[in-house]
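Predicted model, so just to flag it, every value in this text is computed and none were measured.
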Amino acid sequence: MDQPEVTQQLADQYVATGNVSAVMLAGSLGRGRGDEFSDVELDVYWTTPPSDDQRRTPALALGGEVTTLWPYDADDAEWSEDVRVRGVDVTVSGFTTAEIGRWTTSLAAPDDLYLLRQMRMSAIHGGKPLHGKELVAQWRTAAAYPDNLAVATADSFLAPSRLSRWRIWPALVQREDLAMLQRACSEVTEVLLGTLCAVNRIYIEHPSFKWSRHLASRFALAPNDFSERFFYALTLGPVHSAPELHTLLTQTVQLVASDLPEVDTSKIESVLKGRSR
């Protein structure tokens, strides 16, 4: 039996508990870009908080095993279990439908970038519904990206604290201080991708921007030829990539000033000017 069939049968068994409103195939497989390295991930949306028996039963009903039953994570509002069914390893994440409703509402009036909630909304928008398609469609409509979240996200990624090393990038290049320069370049790549997610009203999928080429291909608003310039720069090594990354950062800040005038871009002027030490 192949992986898609096992995954669908496992989803069916979660629904059979009588306490599940929706199940989605998540991760790269759910987004239609899976490869030989992709894990099988299921997101289960419980109607009410599940019992441990309800979490164990689906895999056991198919003759499988629960390899790990993780305790409830209050910070992430998530239940998680690792199961193996007919040779297929599946990571299952569980959330209540009520929690999703609260998160959707909170995103309209954020007081920070709400990274965890953005990742959940990204999963809902990008995953493949296996059960509860109507509910998922309702969530997708309710979870349209709000402008206030774009401002909060851009504010967070353009905070000077994220770019403290970048202030001295010319000195690092001149000294060939490669270890610190490499770290500074890595920080700038995340600032660029996170900020452009805000400008383009795209929920952040992964905290380290995995599948970044796919993400960059979705940027309708970005510096000219952003994807080509960005990924080419990353192939050059930090000494040669730093000037181009700095140019991209400057152009991205200009774009934010135009598209999101509520963001105070003056906070990073000293970073863009740079200084030697």
Worksheet item: Does the side chain of Gln3 pick up a donor-acceptor pair with the side chain of Thr7 at under 3.5 Å?
Response: yes
Item to complete: Report whether Leu130 and Val85 are members of the same hydrophobic cluster (ILVMFWY, side-chain heavy atoms less than 4.5 Å apart, transitive linking).
Response: yes
Worksheet item: Is there a side-chain contact between Arg31 and Ser122 (heavy atoms, below 4.5 Å)?
Response: yes
Worksheet item: Looking only at atom types and distance, does a side-chain atom of Asp259 sit under 3.5 Å from a main-chain N or O of Leu255, one as donor and one as acceptor?
Response: no
Discussion item. Would you say OH of Tyr232 has more than 12 non-hydrogen atoms from neighbouring residues, nucleotides or ligands within 6.0 angstrom?
Written reply: no
Worksheet item: Are any of the side-chain heavy atoms of Glu99 and Thr96 separated by less than 4.5 Å?
Response: yes
Practice prompt. List in chain and number order the residues that pass ring-ring contact (aromatic ring centres under 6.0 Å, His included) with Tyr145, two or more places apart in sequence or in another chain; answer none if no residue qualifies.
Written response: Tyr203
Worksheet entry | Pair Gln251, Arg229: side-chain N/O donor-acceptor within cut-off below 3.5 Å | yes
Sequence neighbours left out, cut at 3.5 Å: what donor-acceptor pairs do the side chains of residues 62-70 make with other protein atoms?
{"residue": "Glu65", "atom": "OE2", "partner": "Arg84", "partner atom": "NH1", "Å": "3.1"}
{"residue": "Thr67", "atom": "OG1", "partner": "Asp82", "partner atom": "O", "Å": "2.9"}
{"residue": "Trp70", "atom": "NE1", "partner": "Asp82", "partner atom": "OD2", "Å": "3.2"}

Taking only distance into account, with no hydrogens and no angle test, what donor-acceptor pairs under 3.5 Å do side-chain atoms of residues 156-164 form with protein atoms, sequence neighbours excluded?
{"residue": "Ser156", "atom": "OG", "partner": "Arg162", "partner atom": "NH2", "Å": "3.3"}
{"residue": "Arg162", "atom": "NE", "partner": "Ser156", "partner atom": "O", "Å": "2.8"}

Worksheet item: Can you check salt bridge (Lys or Arg N to Asp or Glu O under 4.0 Å) on Arg165 and Glu187, steps first, answer last?
Response: CA-CA 9 Å; Arg165 295 177 183 85; Glu187 290 167 348; 2.3 Å; yes
Discussion item. Check the orientation of Trp46 and Tyr14. Use parallel for under 30°, tilted for 30 to 60°, and perpendicular for over 60°.
Written reply: perpendicular
Practice prompt. Measure the acute angle between the ring planes of His214 and Trp211, then classify it against the limits of 30° and 60° as parallel, tilted or perpendicular.
Written response: perpendicular
Item to complete: Could you tell me whether the side chains of Thr153 and Gln118 share a donor-acceptor contact shorter than 3.5 Å?
Response: yes
